[in-house]
Amino acid sequence: MLHHVIHGAGKPLLILHGVTLDHRYMAEAVEPAFDGQDGWKRIYVDMPGHGRSPAMDRIRSMDDTLAVMMEFADDVIGEERFGVIGYSRGSYIARGITHLRPEQVAGAALITPGGSSS
């Protein structure tokens with residue numbers, strides 16, 4: 001299981017950081033927006049090889065990272081609808097989750113998503 005921290009209760013929000021960061025960066029950036037807001041279960045996760053989550057030999061590509069994050073979502077959120085917030089590389093993974101589970105992802109916020117501009 002990947003290291004994660006949960007704040008609040010209610011609709012789940014999976015929150016993904018960028019490269020070289022961990023859940024603490026996202027918690028510091030995102031939590032002020034939820035000050036006084038009830039009804040949101042914010043799930044801050046350290047992606048594989050970041051923070052307190054170990055690196056995994058099975059990860060050789062971004063698709064592998066996406067697969068691990070999908071497994072994490074299945075374990076922690078289950079079949080419930082959820083939102084996803086991603087920063088930089090986390091946005092890339094958030095887009096993959098949204099693509100693979102459009103019926104389950106209620107919405108996505110992408111912060112500095114990068115990618116092509118075409």
- Item | Gln104 side chain to Ile97 backbone, donor-acceptor under 3.5 Å | no
- Partners meeting side-chain contact (heavy atoms from CB on, under 4.5 Å) with Asp75 (sequence neighbours left out): Met1
- Message: Listing request: all salt bridge (Lys or Arg N to Asp or Glu O under 4.0 Å) pairs with a residue in residues 21-34, at least two apart in sequence or in separate chains.
- Response: Asp22-Arg24, Glu31-Arg42
- Query: Other than Ile85, what residues sit in its cluster of Ile, Leu, Val, Met, Phe, Trp and Tyr side chains whose heavy atoms are under 4.5 Å apart, directly or through others?
  - Reply: Leu13, Ile15, Leu21, Tyr25, Met26, Val30, Phe34, Trp40, Tyr44, Tyr87, Ile111
- Query: Which pairs, with at least one residue in residues 45-55 and sequence neighbours excluded, count as a side-chain hydrogen bond (donor to acceptor under 3.5 Å, both in side chains)?
  - Reply: His23-Asp46
- Note on the structure: Between Phe82 and Ala73 the two heavy atoms that sit nearest each other are CZ-CB, 4.4 Å
- Note on the structure: Contacts of Asp74 meeting salt bridge (Lys or Arg N to Asp or Glu O under 4.0 Å) (sequence neighbours excluded), chain-then-number -> Arg101
- Message: Can a donor-acceptor pair be found, under 3.5 Å and without considering hydrogens, that links the side chain of Asp64 to the backbone of Ser61?
- Response: yes
- Message: According to side-chain hydrogen bond (donor to acceptor under 3.5 Å, both in side chains), does anything in residues 77-86 pair up with another residue at least two apart or in another chain? List the pairs.
- Response: none
- Note on the structure: Here the salt bridge (Lys or Arg N to Asp or Glu O under 4.0 Å) pairs for residues 83-93, sequence neighbours left out, are none
- Applying the 4.5 Å side-chain criterion to the ILVMFWY set and letting contacts propagate, would Val19 and Ile59 be lumped into a single cluster? no
- Any idea which heavy atoms bring Leu16 and Val84 closest together, and the distance? CD1-CG2, 4.1 Å
- Full working for side chain to side chain contact (heavy atoms under 4.5 Å, CB included) between Val45 and Val76: CA-CA 11 Å; Val45 59; Val76 175; over 6 Å; no
- Query: Hey, is OH on Tyr92 packed in by over 12 heavy atoms from elsewhere, all under 6.0 Å?
  - Reply: no
- Can you sort out the partners of Ser91 under side-chain contact (heavy atoms from CB on, under 4.5 Å), two or more places apart, ordered by chain and number? Leu110, Pro113
- Item | Residue list, side-chain contact (heavy atoms from CB on, under 4.5 Å) with Ile6, at least two apart or on another chain | His4, Lys41, Ile43
- Indicate if Leu2 and Met62 have the same hydrophobic cluster label, given that clusters are the connected sets of ILVMFWY residues with side-chain heavy-atom separations under 4.5 angstrom. yes
- For Val5, the other hydrophobic cluster members (4.5 Å side-chain criterion, sorted by chain and number) are none
- Message: Restricting to salt bridge (Lys or Arg N to Asp or Glu O under 4.0 Å), what partner residues turn up for Arg58, sequence neighbours left out?
- Response: Glu71
- Task: Return each pair, listed once, that meets side-chain hydrogen bond (donor to acceptor under 3.5 Å, both in side chains) where at least one residue sits in residues 6-20; pairs must be two or more places apart or across chains.
- Result: none
